[in-house]
Amino acid sequence: MTRTPKIGIAVLVALVAIQLVPVSRTNPPERGPIETPADVRVVLERSCYDCHSNQTAWPWYSRVAPASWLVARDVNRARDELNFSEWAGYSESRRDEKLEDLEEVIDEREMPLPIYLRLHSEARLSDVERGLLISWARGQRENGSVVAE
């Protein structure tokens with residue numbers, strides 16, 4: 001066997017072997033989800049919830065290594081940063097901080113992440129939706145953050 005087929009076989013075996021590495025793709029129960037007006041909720045669910053809630057819709061590529069490792073890592077990091085499903089557990093000051101951060105990243109078009117939008121174009125925010133989220137977040141900070149009832 002020549003060198004090229006041996007390398008190809010080794011790569012194939014490695015690709016099959018890494019599929020055996022377990023990856024946690026969980027959606028824990030919601031513990032105090034955020035309450036929002038219906039129009040805000042629709043935008044948040046479509047553009048934010050896959051990463052920033054316990055309602056992740058795990059895509060097919062989240063089951064294929066090494067992409068599965070990256071997706072699970074990104075979702076876990078995003079949930080640690082802001083989790084709309086855990087909103088009621090945040091202190092008032094933390095909610096205010098998260099709302100201020102939300103205003104900033106939406107205004108500066110940092111979220112949703114460009115890499116996410118390449119595969120999920122439906123999550124792209126229009127200028128109207130961007131304005132809606134910013135106005136809502138600003139209003140919540142000025143009038144007191146919403147807590148689930």
Using every non-hydrogen atom in the two residues, find where S53 and S85 come nearest and quote the distance to one decimal. CB-OG, 3.4 Å
What is the distance from atom CZ of R118 to atom CG of L113, rounded to the nearest 0.5 Å? 10.0 Å
With heavy-atom distances below 4.5 Å as the criterion, would you say the side chains of L125 and R46 are in contact? yes
CD1 on I34 to SG on C48, rounded to 0.5 Å: 10.0 Å
Would one find more than 12 heavy atoms of other residues, nucleotides or ligands at under 6.0 Å from atom CZ of R63? yes
Path from L70 to I115 over hydrophobic side-chain contacts below 4.5 Å: no
Quick one: are F84 and N54 in side-chain contact, heavy atoms under 4.5 Å? no
In terms of side-chain geometry, is the basic nitrogen of R130 or D127 positioned less than 4.0 Å from the acidic oxygen of its partner? yes
Separation of S24 OG from R73 CZ (nearest 0.5 Å): 15.0 Å
Any side-chain to backbone donor/acceptor pair from K98 onto S93? Under 3.5 Å, distance only. no
I'd like to know if R124 pairs up with E129 as an ion pair, taking the criterion as any Lys NZ or Arg NE/NH1/NH2 lying under 4.0 Å from an Asp or Glu carboxylate oxygen. no
Backbone of L117 reached by a side-chain donor or acceptor of S121 within 3.5 Å: no
First locate atom OG1 of T56, then atom CG of N27, and finally report the distance between them rounded to the nearest 0.5 Å. 5.0 Å
Please evaluate residues E35 and W87 with respect to the criterion side-chain contact (heavy atoms from CB on, under 4.5 Å), reporting the C-alpha separation (whole Å), side-chain torsions for both, the decisive distance (0.1 Å), and the verdict. CA-CA 9 Å; E35 295 292 328; W87 189 256; over 6 Å; no
Min side-chain heavy-atom separation Q55-E30 under 4.5 Å: yes
Can you tell me how far CZ of R94 sits from CD of E86, rounded to the nearest 0.5 angstrom? 9.5 Å
Of all the heavy-atom pairs spanning A123 and P112, show the shortest one and how long it is. O-CG, 3.5 Å
Sidechain-backbone polar pair: R95 side chain, Y90 backbone, donor-acceptor under 3.5 Å: yes
Name the one of S62, P66, S68 that satisfies side chain to side chain contact (heavy atoms under 4.5 Å, CB included) with V23? S68
Ionic contact status for R141 with E103, cut-off 4.0 Å: yes
Greater than 12 external heavy atoms within 6.0 Å of L119's CG: yes
Does the side chain of D39 reach to within under 4.5 Å of the side chain of W136, using non-hydrogen atoms? no
Within-4.5 Å side-chain heavy-atom neighbours: M111 and L82: no
Quick one: are R79 and P28 in side-chain contact, heavy atoms under 4.5 Å? yes
Find out whether V40 and P37 are in side-chain contact, i.e. whether some heavy atom of one side chain is under 4.5 Å from a heavy atom of the other. yes
Evaluate side-chain contact (heavy atoms from CB on, under 4.5 Å) for W58 paired with V75, printing each intermediate quantity in order. CA-CA 10 Å; W58 296 97; V75 168; 3.8 Å; yes
Say you draw a straight line from CG of L102 to NE2 of H52; how long is it, rounded to the nearest 0.5 Å? 8.5 Å
Say whether Y116 and V43 are linked into one hydrophobic cluster, either directly or through other cluster members, by side-chain heavy-atom distances under 4.5 angstrom. yes
